[in-house]
Novice: 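Input: one structure, supplied below.
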2 protein chains.
Amino acid sequence: MTISVMVVDDHPIWRDGVARDLGEHGFDVRATAADADAAIRIARAVRPDVVLMDLNLDGSSGVRATQSITGELPETRVLVLSASGEHDDVLEAVKAGASGYLVKSASVTELVDAVRRTAAGDPVFTAGLAGLVLGEYRRMASAPADDQAPRLTERETDVLRLVAKGLTARQIADRLVISHRTVENHVQSTLRKLQLHNRVELARYAIEHGLDDGEDPDGG
Amino acid sequence: MTISVMVVDDHPIWRDGVARDLGEHGFDVRATAADADAAIRIARAVRPDVVLMDLNLDGSSGVRATQSITGELPETRVLVLSASGEHDDVLEAVKAGASGYLVKSASVTELVDAVRRTAAGDPVFTAGLAGLVLGEYRRMASAPADDQAPRLTERETDVLRLVAKGLTARQIADRLVISHRTVENHVQSTLRKLQLHNRVELARYAIEHGLDDGEDPDGG
DNA sequence: GGATCGTTCGGGGTTTTTCCCGGATCCGCC
DNA sequence: GGCGGATCCGGGAAAAACCCCGAACGATCC
């Protein structure tokens, strides 16, 4: 019995090339799609055994499409293709229900083999990724739920923003029209809440959490 | 007269698909290569009219290969293919002597047309890129050379990296096995060179210039 | 050999930050 | 009315950061 496949990729050359390769190796390429919405719609109608999903469709909507398809069609397995090395997206795809992962640098032989194994329900992962997924799982299991940010008051946030820009307590006091001792108190309580130790760590925290304005320290 | 083409890409599926597409459209695909060294060597022997060069070979060696080939073989034109949006690499490729640029999301028709025009000596640039190159040229012409980062010594860079992680002078001194006064001196000279005023600004500078290790301030 | 530069160490000073307090007002909530 | 939280102001003290200075050593270049 032939395996039905759907190819999703926004690069026409790649898409058609893969479709032809698979066709020549005995697969039934029922459909192709160039974007996430088309992929979801067509998959719903065609119900292929395997969806070959490119991860970097415009945006990272490949993940979204994977989620929709695996959610709606439990019989359909999604084999994710990626330009390799994009760890975050790949992990997202796995969470979204992808049955396997293959780098785009794979050969035709590897591709054909991977599609066969995916159709058979065999999870396909390149060497590096298995360890990556395991590591991520371990990380999640060990760190239960501490990632919720402590709540800063409005004033503390004001001060933090300015600290992250490199202003001293006196400069911040001038801007906010308060005493520099008050600024220092806000800094102190913020340090306690965030369990940090100095202004540099505060600045890093602000930058990583999008609290900074992204301006250059110098006059520009 | 047929146009001879060489295809350089580290993805076998893509490479062979493109080769086949071009072959079916009347081009003479003389050779393919998967990495920069092979590309240079084979191009030297084959002397194709057009080289289809993938920009993201391992590393950014696509630029290097482009430079070698255009330098050695003035008759051979290099048409660069890229996953799109990688402005820096594309500009590098243009500087390296590429005759044109095409995004990988192009259709087969566009590819065929682009190769024909490249062989005819007609520069091929997608809409966005022409403006990009012009803008870059204008920027270089107007701003002679003031945007170059001041040079920090190796030790200053070491200290900067650790400052950006939120360590105090004493902590840095312990790590580098020097006196904390020496650390403070390095901080001072770095502040002067970069025209900054305190450690928070140093941290921002380090982060924006990729000098930090991207670790969380807290224990994690 | 002399000049320059990077790296190291330190003196001596001011400013800022870090940390612990107490006290005040305002505002919402039980 | 009381209670807690947010905001504000301050004292005091230790640590750290900031700023300028000289000095020594080794390496490199002319």
Side-chain angles (χ1 to χ4, degrees), chain A residues 148-209 211-213 215-219, chain B residues 148-209 211-213 215-219:
Chain A
Q148 50 190 349
R151 283 180 197 95
L152 298 181
T153 68
E154 189 181 345
R155 214 49 165 169
E156 285 166 351
T157 307
D158 292 340
V159 172
L160 173 55
R161 232 187 284 268
L162 295 173
V163 164
K165 290 177 73 170
L167 302 192
T168 68
R170 283 196 159 79
Q171 292 170 325
I172 295 171
D174 286 346
R175 288 227 195 168
L176 301 182
V177 201
I178 54 179
S179 158
H180 74 96
R181 304 306 302 267
T182 304
V183 172
E184 284 164 3
N185 279 335
H186 286 313
V187 171
Q188 281 307 309
S189 61
T190 304
L191 286 175
R192 262 196 304 275
K193 285 185 182 178
L194 302 180
Q195 292 185 282
L196 302 179
H197 309 90
N198 55 54
R199 296 157 96 85
V200 170
E201 291 184 355
L202 281 182
R204 292 184 58 113
Y205 178 93
I207 292 172
E208 284 167 14
H209 289 71
L211 290 173
D212 71 318
D213 302 334
E215 291 173 13
D216 283 335
D218 53 21
Chain B
Q148 53 192 349
R151 282 182 198 93
L152 298 183
T153 68
E154 190 181 343
R155 213 51 166 167
E156 286 165 350
T157 307
D158 292 340
V159 172
L160 174 55
R161 233 186 282 271
L162 296 174
V163 164
K165 289 177 72 170
L167 301 193
T168 69
R170 283 195 160 80
Q171 291 170 327
I172 295 171
D174 286 344
R175 286 226 194 169
L176 301 182
V177 200
I178 55 180
S179 156
H180 74 96
R181 305 304 302 268
T182 303
V183 172
E184 285 165 3
N185 278 336
H186 286 312
V187 171
Q188 282 307 309
S189 62
T190 304
L191 285 175
R192 262 195 304 274
K193 286 184 181 178
L194 301 180
Q195 293 185 281
L196 301 179
H197 310 89
N198 55 53
R199 295 158 99 85
V200 170
E201 291 183 357
L202 281 182
R204 293 184 57 112
Y205 178 93
I207 291 172
E208 283 166 15
H209 290 71
L211 291 173
D212 72 318
D213 301 333
E215 292 173 16
D216 283 336
D218 52 22

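Lettering follows sequence order; numbering is per chain, from 1.
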Novice: Applying side-chain contact (heavy atoms from CB on, under 4.5 Å), can you list everything that pairs with E184(A), at least two apart in sequence or on another chain?
Specialist: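 E184(A) satisfies side-chain contact (heavy atoms from CB on, under 4.5 Å) with A169(A), H180(A), R181(A) only.
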
Novice: Over how many whole Å does the gap from L196(A) atom CG to dA16(D) atom P extend?
Specialist: 17 Å

Novice: Report the distance from atom CG of D174(B) to atom P of dT8(C), rounded to the nearest whole Å.
Specialist: 14 Å

Novice: Measure the distance from CZ on R170(A) to C1' on dT15(C) and round it to the nearest whole Å.
Specialist: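 To the nearest whole Å, that distance equals 8 Å.
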
Novice: Could you pull out the protein-nucleic contacts involving nucleotides 24-30 of chain D (nitrogen or oxygen on both sides, under 3.5 Å)?
Specialist:
none

Novice: Can you name the nearest heavy-atom pair linking T190(B) to H186(B), along with the distance?
Specialist: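 Scanning both residues, the minimum pair turns out to be OG1-O, 2.7 Å.
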
Novice: Below 4.0 angstrom from OP1 or OP2 of dT18(C), is there any side-chain N or O of R199(A)?
Specialist: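 Checking dT18(C) against R199(A), a side-chain N or O does come within under 4.0 Å of OP1 or OP2.
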
Novice: Quick one: bend of the helix from dG1(C)-dC30(D) to dC30(C)-dG1(D) from 5 pairs per end, to 10°?
Specialist: 40°

Novice: Rounded to whole Å, how long is the line connecting atom CG of L152(B) with atom P of dC5(C)?
Specialist: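 After rounding, the gap between these two atoms is 16 Å.
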
Novice: Given atom CD of E184(B) and atom C1' of dC9(C), what is their separation to the nearest angstrom?
Specialist: 12 Å

Novice: Would you call Q188(B) and L191(B) a side-chain contact if the rule is heavy atoms closer than 4.5 Å?
Specialist: yes

Novice: Is there any protein nitrogen or oxygen under 3.5 Å from a nitrogen or oxygen in nucleotides 6-9 of chain D, and what are the pairs?
Specialist:
{"from": "dT7(D)", "atom 1": "OP1", "to": "R155(A)", "atom 2": "N", "distance (Å)": "3.1"}
{"from": "dT7(D)", "atom 1": "OP2", "to": "T153(A)", "atom 2": "OG1", "distance (Å)": "2.3"}
{"from": "dC8(D)", "atom 1": "OP1", "to": "R155(A)", "atom 2": "NE", "distance (Å)": "3.0"}
{"from": "dC8(D)", "atom 1": "OP1", "to": "R155(A)", "atom 2": "NH2", "distance (Å)": "2.9"}
{"from": "dC8(D)", "atom 1": "OP2", "to": "R155(A)", "atom 2": "NE", "distance (Å)": "2.9"}
{"from": "dC8(D)", "atom 1": "OP2", "to": "H186(A)", "atom 2": "NE2", "distance (Å)": "3.1"}
{"from": "dC9(D)", "atom 1": "OP2", "to": "S179(A)", "atom 2": "N", "distance (Å)": "2.5"}
{"from": "dC9(D)", "atom 1": "OP2", "to": "T182(A)", "atom 2": "OG1", "distance (Å)": "2.8"}
{"from": "dC9(D)", "atom 1": "N4", "to": "N185(A)", "atom 2": "ND2", "distance (Å)": "2.8"}

Novice: In whole angstroms, how far is the C1' atom of dG12(C) from the CD atom of Q188(B)?
Specialist: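 That distance rounds to 14 Å.
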
Novice: When you measure from the side chain of T182(A) to the backbone of I178(A), do you find a donor-acceptor pair of N or O atoms at a distance under 3.5 Å?
Specialist: no

Novice: Hey, does the side chain of R199(A) reach the backbone of A164(A) with a donor-acceptor pair shorter than 3.5 angstrom?
Specialist: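 It does not hold such a pair.
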
Novice: Heavy atoms only: give me the nearest R155(A)-L176(A) pair and the separation to one decimal.
Specialist: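 The pair with the smallest heavy-atom distance is NH2-O, 3.4 Å.
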
Novice: For the atom pair CG (L202(A)) and CD1 (I207(A)), what is the distance rounded to the nearest 0.5 Å?
Specialist: 11.0 Å

Novice: Apply side-chain contact (heavy atoms from CB on, under 4.5 Å) to N198(B) and list each qualifying residue two or more places apart in sequence or on a separate chain.
Specialist: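 Here the qualifying residues are V200(B), E201(B).
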
Novice: Does the K193(B) side chain pair with the main chain of R151(B), one donor and one acceptor, at a distance under 3.5 Å?
Specialist: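 Side chain of K193(B) to backbone of R151(B), a donor-acceptor pair under 3.5 Å: yes, one is there.
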
Novice: Tell me whether E156(B) contacts the main-chain N or O of T153(B) through its side chain, where contact means a donor paired with an acceptor under 3.5 Å.
Specialist: yes

Novice: Residues in side-chain contact (heavy atoms from CB on, under 4.5 Å) with L167(B), at least two apart?
Specialist: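 Testing L167(B) for side-chain contact (heavy atoms from CB on, under 4.5 Å), a comparison that skips the adjacent residues, returns L162(B), Q171(B), I172(B), R175(B).
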
Novice: For the pair made of CZ in R192(A) and P in dC20(C), what is the distance, rounded to whole Å?
Specialist: 7 Å

Novice: Over how many whole Å does the gap from L191(B) atom CG to dA16(D) atom C1' extend?
Specialist: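 Interatomic distance, CG of L191(B) to C1' of dA16(D): 14 Å.
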
